[in-house]
Amino acid sequence: MSGHDHQSRIGELLGRMTVEEKLGQLQQLAWAWDTGPGGGDTAAAEAAARKGLLGSVLNVVGAGASNALQCIAVEESRLGIPLVFGLDVIHGYHTTFPIPLAQAAAFDPAVTETDAEVSAREARSNGIHWTFSPMMDVTREPRWGRIAESTGEDPYLTTAYAVAKVRGYQGDDLTAPDRIAACAKHFVAYGGAEGGRDYNSVDVSEQRLRNLYLPPFRAAVDAGAATVMAAFNTISGVPAHANPHTLTGILKEAWGFDGVVVSDWTGVLELIAHGGASDEAEAARRSLTAGVDMEMVSTTFVDHGRDLLASRALDPERLDDAVARVLRLKLRLGLFERPYVTETAALTAPSAESRAAAREVAGRCLVLLKNDDDVLPLAGPAPRALAVVGPFADSGDLLGTWTLPGAPEAVPVLAGLRAALPDTEIRHAAGVSSQGLDTAGIAEAVAVAEAADAVVLVVGEPPAISGEAAVRSELGLPGAQEELIAAVAGTGKPCAVVLVGGRPLTIGGWADQVAAIVMAWHPGIEAGSAVADVLTGAVVPGGKLPVTFPRAVGQVPLYYNHERTGRPYDPAAPEVKYVSKYLDIADGPEFAFGHGLSYTTFSLGEPQLSRERITVAELLEDVTVEVTVPVRNTGAREGEEVVQLYVQDPAATLTQPVRRLCGFRRVRLAAGEERQVRFTVGADDFGYWSNDPAGVFIVEPGEIHIHTGGSSRTQARRTLLIT
Ligand code: BGC
């Protein structure tokens with residue numbers, strides 16, 4: 001059905017609907033699976049569906065359950081409008097892929113497209129039409145637990161991942177039995193929560209909103225994202241759920257978004273708690289008027305919509321527009337033609353193929369942070385006896401935040417290593433628990449280490465302390481894990497740490513005690529197999545950090561793309577004292593954005609530009625500049641390097657970041673192989689959004705420095721002159 005046919009069908013339905021039925025389409029209720037605040041009530045959902053007073057349900061699990069509920073809406077309600085079923089399919093349905101932050105570390109958006117395709121197939125076969133993903137909140141806050149769901153601190157990387165994930169979920173036909181509607185969330189600036197405290201305020205300038213937080217959303221909308229979710233935070237004092245500037249002015253009017261804006265869970269009702277509404281009716285009015293189309297879980301629209309219309313506090317055209325958007329989503333998904341799923345075709349478990357995909361993706365997400373004396377890989381030759389210790393060594397709790405009930409546990413690292421090294425004698429001791437303070441087991445771990453040729457220590461933070469509302473004030477290893485590391489490293493055996501977690505961790509207290517560190521994040525269902533692939537060298541690590549690792553929590557926020565400061569004025573001057581740094585800690589991060597090693601080495605040459613001058617007028621006509629970077633594998637084995645391109649505008653009307661990522665390419669090179677990597681850069685990369693609330697993008701004359709290399713710390717550079 002074409003867009004034109006959708007329009008006439010929507011018009012025809014709107015003409016037949018009562019006010020109650022219209023408001024009902026704007027209501028999303030939760031199924032019984034949810035028992036949290038305002039949680040699910042299956043009977044209430046069924047009753048509302050029967051009366052035609054319900055548009056959507058979230059958290060229905062299983063094909064049979066979704067068909068049964070759908071049958072009530074389609075067969076028993078007056079107009080038979082089907083329900084749309086939503087669910088947080090964040091990094092997998094049955095087949096859990098690595099957490100999104102890990103996926104970002106691959107610097108390869110194809111990995112997230114794979115996750116989305118597998119997830120969409122599994123979810124849709126079970127009657128889910130709509131996922132509340134991708135999350136695209138750029139964040140500089142490692143304390144914030146939701147950094148695990150994000151793709152890190154960089155808007156360009158986040159944009160690339162957002163687009164790939166939307167494409168993976170939606171394909172080009174939402175009616176297909178293996179596709180689902182995406183939801184760009186959380187709109188907007190949620191990642192800026194003060195102090196990393198979840199749901200907290202965000203005071204953001206217009207330029208930062210547009211340069212840092214909005215670009216992934218814009219790209220996701222341009223890529224066809226069917227829905228957008230409002231954020232829990234305020235934006236410069238205005239709650240995101242009641243923000244006409246962002247929801248209507250930018251999203252719907254300037255960007256032409258014609259899909260559904262869904263509230264977050266009870267986000268409309270929470271306007272009262274925010275201090276933005278005195279009662280439910282006012283919350284409903286502000287939110288609907290600002291541009292929210294569907295209310296998740298709370299019921300202020302259906303409860304107060306009629307009165308708001310009667311008192312002219314709500315424009316009937318706004319109501320019809322919101323309803324039209326919900327109906328359009330259902331038409332795009334083909335729900336009027338095919339409201340049910342074939343229960344016998346429902347996918348009920350991960351397949352061998354989906355597991356293989358998750359394993360390959362996880363291998364690409366691991367980041368080799370350090371590798372002194374090439375202690376890794378382990379298999380050259382394999383150690384005779386290996387100790388595998390730590391609280392996560394024999395743990396299946398490596399899926400990460402947001403997994404579905406019943407999702408199979410992860411393959412433990414111990415099992416992965418045993419399968420990969422059949423001729424090695426592998427002994428295990430946990431030593432300590434993940435968060436407990438009991439150190440009694442450390443002696444056993446030390447004994448196991450002493451009897452081995454090498455040690456793999458699997459430490460970190462459990463999934464339960466990252467994700468929504470899981471905020472930390474410290475970023476070190478919880479419990480007694482640092483004591484375990486010190487004791488095991490004290491044996492003098494070569495130690496490789498596999499670090500698991502949902503955020504950057506501060507590791508300075510122990511990093512020097514061990515030879516190698518692999519950041520494994522929460523790697524998903526195939527965790528142990530993928531970690532073993534990398535530890536043994538079957539897979540050569542090639543991931544890079546999508547977030548800065550600070551030395552201490554007191555440095556936070558610490559991010560690579562910070563603005564320039566006025567001091568030191570002259571870095572060469574001897575009296576440099578007034579510098580923006582801490583007195584009591586070395587300057588800069590523990591590991592910079594874009595950092596990551598390999599089992600081979602690469603040399604990246606100076607970038608070459610296709611031209612050294614360009615005019616503003618040419619740039620505004622989309623003339624671009626080609627940047628070529630030679631990259632050579634200088635080591636003895638095949639590997640992958642992420643070639644990164646950063647732009648800096650050293651003299652602009654609005655102070656610009658010291659660097660901004662504007663290109664990356666992960667390339668595989670055989671030993672000794674050299675390749676030219678090409679990037680195309682233009683106005684989008686050299687310009688920036690001003691503070692004008694009307695949205696003004698500026699390209700100014702002057703120098704642009706173009707840096708290329710294997711991390712954000714690269715010095716290689718060429719200058720382009722814009723005249
Ligand atoms: C989260 C959303 C999520 C929703 C539904 C909220 O608490 O902020 O990201 O989609 O719950 O589960």
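All residue numbers refer to positions in the sequence shown, counting from 1. Every number for a ligand or one of its atoms is a count from 1 in the order of the listing. Small disclaimer: the values here were computed from a predicted structure and weren't measured.
Taking CD1 from I81 and CG from L54, the interatomic distance works out to 11.0 Å, rounded to the nearest 0.5 Å. Here the straight-line distance linking atom CG of L69 with atom CD of E46 works out to 6.0 Å at 0.5 Å rounding. Separating the CD atom in E153 from the CG atom in L101 is a distance of 10.0 Å, to the nearest 0.5 Å. For the atom pair M135 CE and R146 CZ, the distance stands at 5.5 Å (nearest 0.5 Å).
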What's the verdict on side chain to side chain contact (heavy atoms under 4.5 Å, CB included) for L23 and L319, showing C-alpha distance, side-chain angles and the deciding distance? CA-CA 8 Å; L23 290 165; L319 173 62; 3.7 Å; yes
Go through the steps for N561 and L661 under the test side chain to side chain contact (heavy atoms under 4.5 Å, CB included), then give the verdict. CA-CA 8 Å; N561 48 354; L661 185 71; over 6 Å; no
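Residue nearest to atom 12 (O) of ligand 1, selected from D88, T266, I90: D88 (by heavy-atom distance).
The N/O atoms of E468, backbone and side chain alike, include one that comes under 3.5 Å of an N/O atom in ligand 1. Residue-to-ligand polar distances place R146 within reach of ligand 1: an N/O pair is separated by less than 3.5 Å. Considering backbone and side-chain atoms together, K185 places an N or O closer than 3.5 Å to an N or O of ligand 1. Some N or O of D264 is nearer than 3.5 Å to an N or O of ligand 1, by distance alone.
Less than 4.0 angstrom separates some heavy atom of F132 from each of these atoms of ligand 1: 10 (O). Applying the 4.0 Å criterion to heavy atoms of H186 picks out, from ligand 1, the atoms 2 (C), 8 (O), 9 (O).
For the side-chain hydrogen bond (donor to acceptor under 3.5 Å, both in side chains) with K330, the lone residue among H129, H6, Q25 that qualifies is Q25.
Contact annotation: Y190 has no heavy atom less than 4.0 Å from any atom of ligand 1. Residue M229 places a heavy atom under 4.0 Å from ligand 1. Within the 4.0 Å heavy-atom shell around ligand 1 one does not find M135.
Comment: R472 does not engage E474 in a salt bridge, judged by the lack of any side-chain N to carboxylate O separation of less than 4.0 angstrom.
Contacts of Y199 with ligand 1, taken as heavy-atom pairs under 4.0 Å, are absent altogether.
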